[in-house]
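Working notes for the structure below.
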Amino acid sequence: MASRREFIRVSTLGAGGISLGIPAFTSLAKTFSQEDSPVFKSMRRTPTYCEVCFWKCAGWIYKKDNGDVWKIIGNDDDLHSNGRFCPRGTGGVGMYNDEDRLKTPMIRTEVDGKQTFREASWDEALGFIATKLEAIAKEHGPECIALFSHGSGGKYFGNLLKAYGSNNITAPSYAQCRGPREVGFIATFGEGVESPERTDIRDTRCLVLIGSHIGENMHNGQVQEMSDAIDKGATIITVDPRYSTAASKSKFWLPIKPATDLALLLAWIHVIIEEGYYDKEYVEKYTFGFEYLKDHVKNMTPEWAYGITTLEPQLIRETARAMGSASPAVIVHPGRHVTWYGDDTQRLRAVAILNALLGSWGRRGGFYRPEKVSMPAYPHPEYPKISRTWRDAFPGKYELADLALASGICDATIPVAERDCSFKAWIVNGTNLIETLPNQDNTLQAINNLDLLVAIDTMPMEITGWADVILPECTYLERYDLIRTSPHREPQIALRMPAVSPKYDSKPGYWIARELAKKMGLADHFPHENLEDLLDWQLKKMGSSLEEMQRIGVKTMAREYDDLYFAPGEEIEFYTNTGKIELYSTELEAKGFDPMPVYTPHEEPPDGYYRLIYGRAPMHTFSRTSNNPNLTDLMEENAVWINPKVAREWGLENDQYIHLINQDGKKTQFPIKVRVTERIRWDSVYMVHGFGHDQKKLKRCYGKGASDTNLISKVHIDPIMGGTGMRGNFVSFITEVEVES
Amino acid sequence: MRYAMAIDTKKCVGCSDCVVACQTENNVPIGFCRDWIVEVTDGTYPQLEMEIRSERCNHCDNSPCVRCCPTGASHYGDGGIVLVTPNKCIGCGACIVSCPYDARYSHPDGYVDKCTFCIHRVEKGLSPACVAACPTKCMYFGDLDDPKSEVSLVLKKRKSKTLIPEAGTKPQVYYLI
């Protein structure tokens with residue numbers, strides 16, 4: 001039975017606290033290969049791909065004459081960045097320079113009845129983890145160990161887990177973010193949207209954004225292409241209760257009542273069918289279920305939608321016609337963070353259907369056919385057979401989820417009588433689950449049921465304060481990682497190599513996973529002592545080499561298969577049950593769900609409450625960058641956006657600090673600044689995610705702004721794939737705020 | 001030769017990449033900046049308009065900062081670029097007060113600092129760091145005296161404005177509207 005964990009905010013015992021008599025660097029330091037081959041030391045610029053967000057732009061790290069990191073700029077050959085980084089990538093130097101970084105392994109201990117961390121050597125910390133995991137595997141089975149990751153390390157720790165006998169490997173980027181989009185598009189086209197999105201924005205004539213705030217979410221390639229589209233005079237249509245940056249660039253802004261998007265989508269489908277704006281040839285050749293769909297939407301007129309969405313029927317018609325006129329060079333953008341109301345897969349189905357009607361899938365200016373290369377697999381022993389997975393915790397549920405649910409594994413960590421295995425150990429790499437998963441009480445309850453929590457991170461994020469063992473990973477500026485191979489218009493590979501040696505006693509993820517594997521008797525699964533050997537072996541098999549990639553950073557390969565777009569009249573078999581684009585989903589029907597999307601009203605805020613909407617700022621990535629010195633300098637706290645009418649009613653003024661409290665009595669831990677602005681609807685408030693940190697070791701961002709996750713206690717689960725709808729929370733204001741001196 | 005910049009407010013998303021790119025390129029200490037973002041919203045919900053601008057020293061033809069500098073540290077360089085020679089600057093701050101655009105700051109090392117149009121890059125045939133980094137490609141830099149330069153062409157094609165023209169400083173950063 002795990003002892004109850006306390007959240008450790010500050011105290012860490014140094015060598016003076018509990019003296020171990022051993023320096024932090026011990027025998028293992030010798031095996032660290034970069035010391036033996038410091039090829040980067042003589043290089044003025046070294047190639048990298050960015051780890052500040054998931055877009056993974058490739059660029060160059062430049063150094064000063066004294067060897068310090070100077071700047072990071074884009075690689076001109078890179079399709080993700082086209083040689084231009086976003087502020088976070090440019091500010092990536094701050095990830096390396098941040099003096100609050102994790103510096104040495106640490107182990108939770110108790111001194112005088114108080115829990116604290118003590119510094120440990122790598123040898124001891126990894127030995128501690130190996131022993132604990134062995135005991136857990138022996139008693140409960142290795143399947144009771146789960147990995148949460150968001151970033152490059154996932155591959156190494158995933159390999160370790162699979163080698164040990166667990167396939168419970170997850171990332172919050174699925175069930176807390178883009179999962180419903182993938183499932184909705186797979187149900188329609190037999191393929192997901194993937195990342196980077198296959199949207200052909202640069203050549204589009206009409207871009208439709210529904211709650212997707214490109215420009216504030218700084219998904220580099222898309223921001224660049226939206227700018228190209230503006231230059232070329234494309235029509236932009238933005239649907240958002242907030243006047244977003246994208247809305248300000250749009251010909252049409254639809255200030256929709258939140259939670260009613262599906263009604264608008266259905267009305268658009270209605271107009272496009274009734275007025276004959278759909279691509280008849282395409283629909284006839286490639287789709288299944290048009291007549292069902294036509295019948296399904298026949299009463300879903302713009303007038304019907306007006307009563308739901310508050311959008312003028314004329315505006316709905318006019319925008320539908322604008323899309324139809326641009327067809328097939330039109331993109332109804334699938335968005336990225338789409339876990340809103342619990343019927344998100346169905347909303348994204350409506351988006352997919354609309355694209356299918358407009359004939360934009362597989363067409364220039366719509367969605368292109370991406371291609372990526374696969375890296376040669378290196379020989380390693382077979383993984384053991386796995387008898388149980390996270391799915392066993394949810395019999396008959398979420399069957400269409402094509403990846404593991406982070407929230408599902410969290411829930412399945414809380415023991416229930418009828419389940420024979422609850423998760424007993426979490427290895428968490430590069431994701432701050434406290435801020436990432438909704439319903440913090442639930443997350444903490446799960447954590448308190450663990451026998452072991454290992455946090456591997458570069459920064460002392462909140463999750464590390466709950467860990468038993470903390471392992472300091474070095475930043476992406478200080479390490480090799482696997483070759484980047486993402487789908488794009490042309491397949492490309494990109495190299496990340498160290499520009500500088502790891503600071504403090506931090507280590508690359510590959511090294512950590514391999515050393516841990518050695519202690520767990522799994523060394524055979526990591527046959528390469530260091531990544532350079534593996535990368536060079538893989539690259540040579542592909543006709544390149546590590547040496548070449550160190551020089552060029554990015555290499556473009558030839559497309560192997562079909563064209564970027566469907567050829568006229570091309571026969572295509574889609575990966576669906578009917579082999580067609582399914583306007584009517586046979587898969588959803590077979591699983592007992594609506595085969596075509598149905599609008600259902602969502603709960604509305606009670607009197608005196610406002611719907612909580614959250615989003616992104618261009619200079620931050622979730623909570624990952626909150627303490628980055630360069631990026632904090634651009635934005636150090638978030639503010640709550642409040643419409644002037646509401647502000648007047650409550651007597652709120654700009655820059656005043658208040659607390660927010662939600663429908664369940666959950667209150668922001670730290671006060672948040674008021675921003676009175678016309679840019680938000682009167683029935684909603686808005687804030688940027690990733691602030692309000694409760695970890696004093698994060699000196700720059702501790703207590704700055706508020707955390708939206710504090711307020712997301714109500715979760716609407718998508719029954720189709722288990723996504724966690726997080727926009728059904730309502731907040732009110734507490735104007736009396738104690739000011740911390 | 002007359003160096004100038006044109007910035008397209010229709011494309012700028014206000015991401016601040018120009019700010020960080022300048023800070024890292026020019027080793028601007030954290031807490032200070034040579035360029036910054038301004039966002040102006042007009043109207044009431046839902047009839048709104050917004051302009052986003054990346055601002056910096058306007059390298060004015062008629063610069064109050066150069067005029068008021070007691071030591072000659074502030075001066076015009078090649079192509080009309082307004083520059084500060086750090087070792088001539090006594091840090092009196094007269095220029096900071098005289099600038100209608102608030103484009104200058106006191107560097108912790110005791111001199112006044114500001115945008116240089118990245119002249120050290122321009123001399124090598126590169127564009128300023130902000131222009132090179134901008135993900136929206138909303139900035140154009142070049143020689144106004146060359147009618148074929150990118151900046152001349154875009155200013156000919158598009159409507160533009162300058163900031164606080166009534167101050168009479170003849171700014172050389174143009175905003176495409």
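In the text below, chain A, chain B and the rest are named by the order of the sequence lines, each starting its count at 1.
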* Can E49(B) and K249(A) be counted as an ion pair, charged N to O under 4.0 angstrom? ->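 Salt bridge flag = no for K249(A) with E49(B).
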* Is any NZ, NE, NH1 or NH2 atom of the basic residue among K137(B) and D231(A) found under 4.0 Å from an Asp or Glu carboxylate oxygen of the other? -> no
With a 4.5 angstrom heavy-atom cut-off, which part of [X] approaches chain B: side chain, backbone, both or neither?
X	answer
N82(A)	neither
I680(A)	backbone
S250(A)	neither
R681(A)	both

Side chain, backbone, both or neither: which part of [X] has a heavy atom under 4.5 Å from chain A?
X	value
I52(B)	side chain
C33(B)	neither
E39(B)	side chain

* Asked: Listed by chain and number, what are the salt bridge (charged side-chain N to carboxylate O under 4.0 Å, His left out) partners of D78(A), not counting sequence neighbours?
  ->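 With sequence neighbours excluded, D78(A) shows a salt bridge (charged side-chain N to carboxylate O under 4.0 Å, His left out) to R484(A), given in chain and number order.
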* Might you work through the side chain to side chain contact (heavy atoms under 4.5 Å, CB included) test for K64(A) and N27(B), ending with a clear yes or no? => CA-CA 11 Å; K64(A) 297 177 189 170; N27(B) 299 305; 3.5 Å; yes
* **Which of P87(A), S227(A), P618(A), P629(A) touches chain B most, by non-hydrogen pairs under 4.5 Å** =>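 Among the listed options, the one with the most contacts to chain B is P87(A).
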* Heavy atoms only, distances under 4.5 angstrom: which of V93(A), D633(A), T245(A), L634(A) has the most pairs with chain B? Name it, please. =>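 Result: the option with the highest number of such pairs is D633(A).
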[X], [atom1] atom: more than 12 neighbouring heavy atoms under 6.0 Å:
X	atom1	result
K161(B)	NZ	yes
D78(B)	CG	no
F252(A)	CZ	yes

* Structure fact -> Of all heavy-atom pairs linking C15(B) and M619(A), the shortest is O-CE, 3.9 Å
* **Minimum heavy-atom distance P135(B)-N220(A), with the two atoms named** =>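 Smallest interatomic distance, heavy atoms only, reads CB-OD1, 3.8 Å.
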Heavy-atom side-chain proximity of [X] to [Y] below 4.5 angstrom:
X	Y	result
K645(A)	Y45(B)	no
P46(B)	W253(A)	yes
K71(A)	Q23(B)	no
T677(A)	T41(B)	no

* To do: Find the one option among V13(B), L48(B), T24(B) whose heavy-atom pairs under 4.5 Å with chain A are most numerous.
  =>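 Option with the greatest count: L48(B).
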* Asked: Between C12(B), A129(B), C18(B), which has the largest tally of heavy atom pairs under 4.5 Å with chain A?
  -> C12(B)
* To do: Could you tell me whether a side-chain N or O of R84(A) sits under 3.5 Å from a main-chain N or O of V131(B), the two making a donor and an acceptor?
  => yes
Just list the side-chain donor-acceptor pairs under 3.5 Å for residues 140-147 of chain B, sequence neighbours left out, or say none.
{"unit_1": "Y140(B)", "atom_1": "OH", "unit_2": "K11(B)", "atom_2": "NZ", "d": "3.3"}
{"unit_1": "D143(B)", "atom_1": "OD1", "unit_2": "R2(B)", "atom_2": "N", "d": "2.8"}
{"unit_1": "D143(B)", "atom_1": "OD1", "unit_2": "D145(B)", "atom_2": "N", "d": "2.9"}
{"unit_1": "D145(B)", "atom_1": "OD2", "unit_2": "M1(B)", "atom_2": "N", "d": "2.9"}
{"unit_1": "D145(B)", "atom_1": "OD2", "unit_2": "R2(B)", "atom_2": "N", "d": "3.4"}
{"unit_1": "D146(B)", "atom_1": "OD1", "unit_2": "K148(B)", "atom_2": "N", "d": "2.9"}

* Hey, what do you get for CG (N643(A)) to OG1 (T44(B)), rounding to the nearest 0.5 Å? -> 9.5 Å
